Undergrad: 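Could you have a look at this structure, given as structure tokens, before my questions?
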Amino acid sequence: MNGLHILGTGRALPANIVTNDDLALRVETSDEWIVSRTGIRERRFATHETLTQLAVEAARAALERAGVSPQELGLCLTATVSPDCATPSQACLIHQALHLPEDCPAFDLSAGCTGFLYAMETSAALLPRMARPYALLVGGELLSRITDMDDRSTCIIFGDGVGAAVVKADPDAPWFARLGARGCREVLWAPGPGQAEHPYLHMNGQEVFKFALETVPKLARELLDQAGLDKDQVDWYVPHQANHRIVESVAKRLKVPLDRFYENIERYGNTSAGTIPIALDEMAERGLLKPGQWIMCLGFGAGLTWGGALFQWQAREER
Ligand SMILES: CC(C)(COP(=O)(O)OP(=O)(O)OC[C@H]1O[C@@H](n2cnc3c(N)ncnc32)[C@H](O)[C@@H]1OP(=O)(O)O)[C@@H](O)C(=O)NCCC(=O)NCCS
């Protein structure tokens with residue numbers, strides 16, 4: 001089945017907290033508007049941190065919790081659209097900082113906010129062919145780099161943050177995953193380096209909203225069918241944190257109580273490829289994830305892309 005176990009997670013957030021009131025000093029908006037439309041109260045915008053610094057901090061925490069040393073890694077993947085360099089890849093910068101072995105390939109995946117799901121499924125497919133069965137997966141962004149702080153339709157939504165996971169390939173691990181894409185530049189896009197006078201994220205918020213509601217409940221049902229599980233057998237739904245109203249509508253459509261959906265968007269905004277690994281790490285730290293529980297991660301975003309994974313939680317292995 002080419003399954004995965006998540007052995008350990010980590011996260012790193014920039015220190016600088018920016019509240020809705022802070023944003024209202026710059027653009028015409030209000031705390032009340034932002035909270036009611038998105039659920040976001042504050043986010044982090046990096047002042048001095050690089051993506052590499054945050055990624056390495058998150059990766060070290062994940063490796064430590066997993067009980068896996070950097071030398072044991074067989075694959076290093078990073079999901080991001082806001083790397084420190086166009087080339088080498090962000091994954092290679094992490095490879096360098098952690099002194100990973102030369103037979104541990106490293107590369108980036110660009111799948112917008114679905115990036116971490118793409119990284120999980122790619123590692124499930126690749127790991128059996130690698131030198132060792134452990135992968136470091138990093139998902140995260142410094143979206144403040146590509147957000148126009150004078151555009152109230154985007155600056156209120158996005159934030160900076162990184163999550164990481166150390167996973168192990170296990171052919172016996174129950175692992176159900178689906179990835180999809182519908183090539184579409186217009187709804188959510190950012191130009192490449194040096195390609196535009198306005199080098200920022202562009203978003204049609206209403207179209208993203210519609211796309212999410214069309215895609216995510218269907219994705220969840222497909223995963224349940226694939227696994228032969230009922231929606232009530234899933235202990236935790238871990239959705240991409242794009243907007244509280246999207247999560248609420250997905251829960252309603254699936255007829256699953258909202259408290260089964262983990263949410264932290266209130267504190268971080270949308271950190272794109274970072275939201276799911278950051279959420280998993282918070283959940284693990286809070287003791288919410290117990291061995292054997294069924295977890296469903298659901299992502300969607302620029303591309304347009306979507307992806308989901310349904311698996312059983314199993315933290316650090318005894319070795
Ligand atoms: C962005 C989003 C919050 C906007 O909410 P909305 O209800 O669709 O709002 P609209 O774009 O229709 O704008 C409604 C009005 O609010 C205004 N507005 C937009 N941003 C605002 C802000 N930050 N503060 C106050 N008013 C704002 C608009 O200018 C518009 O004013 P008008 O009616 O005078 O023209 C919402 O579309 C959304 O959450 N979409 C999904 C975004 C997302 O998840 N992105 C991540 C992708 S992975």
Side-chain angles (χ1 to χ4, degrees), residues 9-27 29-31 33-35 37-62 78-84 90 93-94 97 112-116 137-165 188 190 199-201 203 205 238-244 246-247 262-286 299 301-302:
T9 55
R11 68 181 187 278
L13 283 307
N16 176 39
I17 298 174
V18 177
T19 65
N20 293 342
D21 287 337
D22 293 331
L23 292 181
L25 295 174
R26 179 150 177 179
V27 293
T29 190
S30 65
D31 178 59
W33 195 95
I34 301 171
V35 173
R37 303 284 174 124
T38 69
I40 301 167
R41 292 182 187 277
E42 59 186 45
R43 75 286 294 142
R44 309 292 177 98
F45 287 156
T47 51
H48 56 281
E49 299 92 343
T50 64
L51 193 62
T52 306
Q53 285 167 346
L54 295 175
V56 167
E57 187 184 331
R60 287 214 166 102
T78 302
T80 188
V81 297
S82 52
D84 285 341
Q90 186 61 54
L93 300 179
I94 296 167
C113 302
T114 319
F116 197 74
L137 310 180
V138 175
E141 309 285 355
L142 292 191
L143 287 178
S144 59
R145 281 179 166 160
I146 53 170
T147 302
D148 180 353
M149 294 301 167
D150 291 319
D151 174 5
R152 67 178 182 175
S153 69
T154 51
C155 72
I156 57 147
I157 299 231
F158 296 109
D160 299 341
V162 180
L188 186 51
Y200 299 118
L201 277 166
M203 181 180 76
V238 186
H240 167 47
Q241 311 283 311
N243 182 311
H244 170 67
I246 292 179
V247 176
Y262 188 77
E263 288 192 85
N264 60 12
I265 191 166
E266 175 173 79
R267 283 172 287 127
Y268 305 131
N270 177 349
T271 57
S272 189
T275 69
I276 287 176
I278 290 172
L280 288 172
D281 187 51
E282 281 193 351
M283 295 171 78
E285 193 175 80
R286 292 175 55 190

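All values derive from a computational prediction rather than experimental measurement.
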Undergrad: Specify the closest pair of heavy atoms between Ile94 and Ala55, including all atoms of both residues, with the distance to one decimal.
TA: CD1-CB, 3.6 Å

Undergrad: Does anything in residues 48-62 pair up under salt bridge (Lys or Arg N to Asp or Glu O under 4.0 Å), and if so which pairs, sequence neighbours excluded?
TA: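 Listed by first then second residue: nothing to list.
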
Undergrad: Which distance, rounded to the nearest 0.5 Å, do you find between the CZ of Arg41 and the CG of Asn20?
TA: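 CG of Asn20 is found 8.0 Å from CZ of Arg41.
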
Undergrad: Is a donor from one side chain sitting under 3.5 angstrom from an acceptor on the other, for Asp21 and Thr19?
TA: no

Undergrad: Indicate yes or no: does Arg145 engage Asp84 in a salt bridge with an N to O separation below 4.0 Å.
TA: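 Asp84 and Arg145: salt-bridged.
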
Undergrad: Determine, stepwise, if the pair Arg11 / Glu285 fulfils side chain to side chain contact (heavy atoms under 4.5 Å, CB included).
TA: CA-CA 11 Å; Arg11 68 181 187 278; Glu285 193 175 80; 3.1 Å; yes

Undergrad: Ignoring hydrogens and angles, tell me if any N or O in the side chain of Ser82 forms a donor-acceptor pair with the backbone of Leu142 under 3.5 Å.
TA: yes

Undergrad: Could you go through the side chain to side chain contact (heavy atoms under 4.5 Å, CB included) check for Met283 and Asp281 one step at a time?
TA: CA-CA 5 Å; Met283 295 171 78; Asp281 187 51; over 6 Å; no

Undergrad: When you measure from the side chain of Arg44 to the backbone N and O of Pro14, does any donor-acceptor pair fall under 3.5 Å?
TA: yes

Undergrad: For residues Gly10 and Ala61, report the shortest heavy-atom separation together with the two atoms involved.
TA: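 Shortest heavy-atom contact: CA-CB, 3.9 Å.
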
Undergrad: Enter the distance from Ile146:CD1 to Leu201:CG here, rounded to the nearest 0.5 Å.
TA: 4.0 Å

Undergrad: Check ring-ring contact (aromatic ring centres under 6.0 Å, His included) between Tyr200 and all other residues, then give those that pass, not counting sequence neighbours.
TA: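 By the ring-ring contact (aromatic ring centres under 6.0 Å, His included) rule, Tyr200 matches His198.
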
Undergrad: Side-chain contact test, heavy atoms from C-beta onward, threshold under 4.5 Å: evaluate it for Val18 versus Leu23 and give yes or no.
TA: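 Touching, per the 4.5 Å side-chain cut-off.
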
Undergrad: Between the side chain of Thr38 and the main-chain N/O of Ile34, is any donor-acceptor distance below 3.5 Å?
TA: yes

Undergrad: Restricting to non-hydrogen atoms, name the atom on Leu143 and the atom on Thr147 that form the minimum distance, rounded to 0.1 Å.
TA: O-OG1, 2.6 Å

Undergrad: Using a strict cut-off of less than 4.0 Å between a Lys/Arg side-chain nitrogen and an Asp/Glu carboxylate oxygen, indicate whether Arg26 and Asp150 qualify as a salt bridge.
TA: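 Answer for the salt bridge query: yes.
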
Undergrad: Indicate whether the side chain of Gln90 and that of Thr80 have a donor and an acceptor atom separated by less than 3.5 Å.
TA: no

Undergrad: How far does CD of Glu42 sit from CD1 of Ile17, to the nearest 0.5 angstrom?
TA: 5.0 Å

Undergrad: Hey, could you give me the OG1/CD1 distance between Thr271 and Ile276, rounded to the nearest 0.5 Å?
TA: 9.5 Å

Undergrad: Do Asp160 and Ser144 have side-chain atoms, one donor and one acceptor, less than 3.5 Å apart?
TA: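 Short answer, yes.
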
Undergrad: What I want to check is whether the side chains of Asn16 and Arg43 have a donor and an acceptor closer together than 3.5 Å.
TA: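 The answer is no; no qualifying pair exists.
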
Undergrad: Would you check if the side chain of Gln241 reaches a backbone N or O of Asn264 as a donor-acceptor pair within less than 3.5 Å?
TA: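 Yes; judged by distance alone, with no hydrogens or angles, the pair exists.
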
Undergrad: Is the shortest heavy-atom distance from the side chain of Asp151 to the side chain of Met203 under 4.5 Å?
TA: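 A side-chain contact is absent here, since even the closest heavy-atom pair is not under 4.5 Å.
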
Undergrad: Can you name the nearest heavy-atom pair linking Leu54 to Ala12, along with the distance?
TA: O-CB, 3.3 Å

Undergrad: Identify the two heavy atoms, one from Ala79 and one from Phe116, that lie closest to each other, and give their separation to 0.1 Å.
TA: CB-N, 3.8 Å

Undergrad: Between Cys155 and Asp148, which heavy-atom pair has the shortest distance, and what is it?
TA: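 Scanning both residues completely, I find the closest heavy atoms to be CB-O, 3.7 Å.
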
Undergrad: Is there a side-chain contact between Tyr268 and Thr275, using heavy atoms and a 4.5 Å cut-off?
TA: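 The answer is no, as the side chains (C-beta and beyond) never meet within the 4.5 Å cut-off.
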
Undergrad: How many angstroms lie between atom CD1 of Ile278 and atom CG of Leu13, to the nearest 0.5 angstrom?
TA: 5.0 Å

Undergrad: Does the side chain of Tyr262 come under 3.5 Å of the side chain of Glu282 through a donor N or O and an acceptor N or O?
TA: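 A donor-acceptor contact under 3.5 Å links the two side chains.
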
Undergrad: Check each of Leu51, Thr52, Val56, Thr78 against Leu93 using the side chain to side chain contact (heavy atoms under 4.5 Å, CB included) test, and report the only one that passes.
TA: Thr52

Undergrad: Could you give the distance from CD (Glu141) to SG (Cys113), rounded to the nearest 0.5 Å?
TA: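 Nearest 0.5 Å value for the CD-SG distance: 7.5 Å.
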
Undergrad: So do His240 and Asn270 actually touch side chain to side chain, heavy atoms under 4.5 Å?
TA: yes

